[in-house]
2 protein chains.
Amino acid sequence: MPRSASVKDVAAAAGVSLGTVSNVLNRPDRVSPETRERVLKAMADLGFVRNESARQLRAGTSRTLAYVMLDASNPFFTDVASGIDAAAETADLSLVLCNSRNSATRELSHLALLEQQRVQGILVTPVDPDSPALDEVARRGTPVVVVDRTRADQSFCSVAVDDVLGGRLAVEHLIDRGHTRVAYVGGPAHLGQVRDRHEGAREAWAAAGRPADALVAIETSELSVAEGREAGARLAGLPARRRPTAVFCANDLLALGLLQHAISSGVRVPGELAIVGYDDIDFAAAAAVPLTSVRQPRQLLGRTAAELVLDEAGNPDHTHRQVLFTPELVARASTLG
Amino acid sequence: MPRSASVKDVAAAAGVSLGTVSNVLNRPDRVSPETRERVLKAMADLGFVRNESARQLRAGTSRTLAYVMLDASNPFFTDVASGIDAAAETADLSLVLCNSRNSATRELSHLALLEQQRVQGILVTPVDPDSPALDEVARRGTPVVVVDRTRADQSFCSVAVDDVLGGRLAVEHLIDRGHTRVAYVGGPAHLGQVRDRHEGAREAWAAAGRPADALVAIETSELSVAEGREAGARLAGLPARRRPTAVFCANDLLALGLLQHAISSGVRVPGELAIVGYDDIDFAAAAAVPLTSVRQPRQLLGRTAAELVLDEAGNPDHTHRQVLFTPELVARASTLG
DNA sequence: TCGTCAGGTTGAAACCTTTCAATCCGCATC
DNA sequence: GATGCGGATTGAAAGGTTTCAACCTGACGA
């Protein structure tokens with residue numbers, strides 16, 4: 001493999017100075033058409049590829065944005081990413097995606113590398129929003145925006161969706177549909193989302209004057225399809241008197257698992273069991289019984305996050321903002337008789 | 001924002017030369033414990049962050065691998081990515097993901113930037129495997145491996161799965177289950193995968209001595225859930241005599257759409273209609289009627305691709321290889337009465 | 001004919017790190 | 001007391017690009 005040609009080589013080949021080559025690259029209008037042609041030809045001949053490290057070192061500015069995602073296999077996050085991507089494209093930046101796969105260690109090493117690469121900004125859905133590592137990065141000068149999570153202190157910009165409201169919407173809908181025994185399925189409980197959605201569910205329940213013990217909680221060990229099935233089995237095991245007629249799941253994966261269990265064991269949905277999910281991923285609408293779900297503006301979430309980070313990177317009098325979006329209930333067959 | 005401290009600043013603060021600081025960073029054993037301490041403290045105090053561009057410029061070597069994915073919202077590709085990620089982690093490289101979202105233009109600009117960044121290697125599932133842009137990149141010295149696609153000429157390494165065999169497996173299974181009228185649903189036809197799977201289906205059909213016209217083909221405009229539903233409607237519109245009792249879909253998204261249509265219109269699966277998908281994404285097993293599907297070794301695909309690209313990057317007598325994996329039929333309820 | 005001007009072009013400095021040969025120092029050995 | 005040794009540290013060069021002040025060359029106006 002022939003080591004890549006440099007501007008110097010191109011300059012020599014085209015019989016111009018190296019400053020001119022750089023001009024062709026960066027300010028093509030300042031160089032006469034003939035020379036430009038000659039230089040471009042030399043580049044093509046030599047297979048010249050601009051060395052981005054050197055460019056960045058000298059120019060001091062990078063052309064990329066990064067999103068450290070929590071779990072690339074969850075469609076929710078890839079949708080957020082595509083919103084970010086759209087914004088990045090508009091700003092003529094390129095987006096690199098890193099996947100921490102739920103591991104704090106991986107997240108940390110991604111953050112470190114991105115920082116060293118002097119990316120314009122880092123968007124991150126952190127394993128633990130309270131990790132001090134995030135503050136460190138921000139303190140050292142790389143703009144950081146937290147996506148789909150929030151923090152008590154307002155130490156950086158964040159975008160999230162009002163999960164308490166989302167929980168309320170879901171349970172209000174079930175109350176409207178006449179259900180009097182409802183289950184909330186979600187976990188693990190240390191996740192902010194899981195707690196907030198539960199909180200909203202309880203608020204709505206209490207506001208309707210229903211007895212607290214008629215809102216059953218079932219805790220799962222993770223937010224997956226498999227756990228949803230498992231939860232279905234546990235529900236089915238309850239004595240008929242105490243068995244809920246509707247379930248609100250902390251996300252769509254759980255809801256899909258639950259739905260699957262119901263169908264395979266002959267439980268009619270929504271006749272015997274109504275189901276509400278959360279996230280409204282594409283597979284929710286595509287399920288065998290299309291799923292009622294709480295929709296989050298995923299793309300918008302991403303786009304807004306990108307705009308915030310760019311503002312922080314470019315605008316001298318930037319101030320941190322915590323943007324909270326409003327979720328929306330999408331009613332489908334799984335709750336509509 | 002205080003412009004980031006450099007090794008020089010750290011050296012000054014710690015009262016050592018700048019070479020020593022570099023040693024602390026790269027060969028910590030060569031510097032005495034006390035000095036090391038002092039330097040590390042200075043780094044922490046100043047919030048020093050190593051400038052990766054400068055490092056890379058001088059050292060000439062980058063620590064990253066890239067995967068340009070075709071469509072991040074398809075779980076198949078994120079699974080492939082996680083296989084790559086695992087291999088990258090083993091090799092102590094970090095992986096950046098780029099999403100071309102089915103656009104040749106975006107793909108091109110990602111390739112260009114990655115090349116300029118001198119990544120160790122590029123893995124790509126290209127929009128068009130025959131695009132000359134890929135050759136250019138490779139010719140100029142960046143190792144390129146094509147993932148989940150192949151090319152007639154063997155100009156670079158590739159990993160893929162034998163789609164003809166996959167198609168055969170699917171249809172053989174349906175023949176075994178006694179079906180005599182089968183439909184193949186897939187499209188657009190210019191995709192290699194779609195053609196190959198169809199080809200395999202026809203081979204199996206012919207091998208069983210079935211009349212060619214009893215294998216109906218339904219072409220879709222893309223491989224999505226929506227198109228699957230649409231295909232379901234078209235099937236339902238056929239006169240009963242000519243209506244197939246089983247369908248083989250070119251991917252799981254189509255199959256899920258088809259399943260959804262069947263269930264919502266009261267067609268029993270598999271009783272009246274058996275369905276086979278392709279890819280065996282997680283949602284296939286999680287569907288209301290768990291889907292029989294042709295499984296591809298996704299993670300392995302990714303891992304192998306990463307190994308090939310690393311070999312090309314590091315091994316002087318590397319030779320291009322086209323690895324072809326064998327798919328496997330996973331039979332589930334959607335075909336098992 | 002001289003001065004001015006503008007469009008092209010040049011050359012050197014700067015960006016920050018790594019590398020490596022050279023130097024330094026204290027200590028053991030003869 | 002001189003020599004040699006090894007570990008720790010130093011200083012300068014190199015890597016490819018961008019930037020910017022300076023320079024060159026015709027052309028044009030006076």
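Proteins get letters first, then strands, A, B, ... in listed order; numbering begins at 1 in each.
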Peer 1: Could you state the atom-to-atom distance from CG of A:L57 to P of C:dA13 in whole Å?
Peer 2: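 So the CG-P distance, A:L57 to C:dA13, works out to 17 Å.
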Peer 1: Start with the C-alpha gap between A:S158 and A:Q322, add the side-chain angles, then the distance that decides, and say whether side-chain hydrogen bond (donor to acceptor under 3.5 Å, both in side chains) holds.
Peer 2: CA-CA 5 Å; A:S158 67; A:Q322 340 291 130; 3.3 Å; yes
Peer 1: At their closest point, which heavy atom of B:V127 faces which heavy atom of B:S100, and how far apart are they?
Peer 2: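 Nearest pair, atom of B:V127 first, then B:S100: CG2-OG, 4.4 Å.
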Peer 1: Answer yes or no: is there an ion pair linking A:R140 with A:E136, defined by an N-O contact shorter than 4.0 Å?
Peer 2: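 Yes, this pair counts.
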Peer 1: Please give, in whole Å, the distance from D:dG16 P to A:L25 CG?
Peer 2: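 Rounded to whole Å, this separation is 15 Å.
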Peer 1: D:dG15 C1' sits how many Å from A:E52 CD, rounded?
Peer 2: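 After rounding, the reported distance stands at 15 Å.
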Peer 1: Quick one, B:Q296 with B:D279, criterion side-chain hydrogen bond (donor to acceptor under 3.5 Å, both in side chains). Give me CA distance, side-chain angles, the key distance, then yes/no.
Peer 2: CA-CA 6 Å; B:Q296 315 199 53; B:D279 282 351; 2.7 Å; yes
Peer 1: At under 4.0 Å, does any side-chain N or O of B:N26 touch on OP1 or OP2 of C:dT18?
Peer 2: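 Yes, such a contact exists.
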Peer 1: Could you give the CZ-to-P distance, from B:R63 to C:dT18, as a whole number of Å?
Peer 2: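 Whole-Å distance recorded here is 13 Å.
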Peer 1: What is the distance, to the nearest angstrom, from the CD atom on A:E115 to the P atom on C:dC16?
Peer 2: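 Distance, rounded to whole Å: 16 Å.
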Peer 1: Looking only at side-chain atoms of B:R58, point me to the closest of C:dT18, D:dT17, D:dT18.
Peer 2: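 Out of C:dT18, D:dT17, D:dT18, the nucleotide with an atom closest to B:R58's side chain is C:dT18.
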Peer 1: Restricting to nitrogen or oxygen on both sides, can you table the protein-nucleotides 5-12 of chain C pairs closer than 3.5 Å?
Peer 2:
from	atom 1	to	atom 2	distance (Å)
C:dT9	OP1	A:T35	OG1	2.7
C:dT9	OP2	A:S32	N	3.3
C:dT9	OP2	A:T35	OG1	3.4
C:dT10	OP2	A:S17	N	2.7
C:dT10	OP2	A:S17	OG	3.3
C:dT10	OP2	A:T20	OG1	2.9

Peer 1: For B:R63 and B:D92, which heavy atoms make the closest approach, and how far apart are they?
Peer 2: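 What the structure gives for the nearest pair is NH1-O, 3.6 Å.
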Peer 1: Quickly, which of A:D135, A:V137, A:L308 forms a side chain to side chain contact (heavy atoms under 4.5 Å, CB included) with A:F156? Name it, please.
Peer 2: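 Per the side chain to side chain contact (heavy atoms under 4.5 Å, CB included) rule, the option paired with A:F156 is A:D135, out of A:D135, A:V137, A:L308.
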Peer 1: Step by step, work out the side-chain contact (heavy atoms from CB on, under 4.5 Å) result for A:R50 and A:N26.
Peer 2: CA-CA 11 Å; A:R50 192 219 232 102; A:N26 303 298; 3.1 Å; yes
Peer 1: Output the rounded distance in Å from CD (A:Q117) to P (C:dC16).
Peer 2: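 Interatomic distance, CD of A:Q117 to P of C:dC16: 17 Å.
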Peer 1: Select one nucleotide: of C:dT17, D:dG16, D:dT19, the one nearest the side-chain heavy atoms of B:A54.
Peer 2: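 Taking heavy atoms from C-beta onward, the closest nucleotide is C:dT17.
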Peer 1: What's the CG-C1' distance between A:N51 and C:dC16, to the nearest Å?
Peer 2: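 Those two atoms, CG and C1', are 14 Å apart.
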Peer 1: At less than 4.0 Å, is any side-chain N or O atom of B:R27 found next to OP1 or OP2 of C:dT19? Yes or no.
Peer 2: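 Answer is yes, contact under 4.0 Å.
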Peer 1: Nearest-Å distance, CD (A:Q56) to C1' (C:dC15)?
Peer 2: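 Roughly 11 Å, once rounded to whole Å.
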Peer 1: Name the nucleic acid region contacted by A:S22, choosing base, sugar-phosphate or nothing; use a 4.0 angstrom heavy-atom cut-off, strictly under.
Peer 2: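 Base: the residue A:S22, judged by heavy atoms under 4.0 Å, touches a nucleobase.
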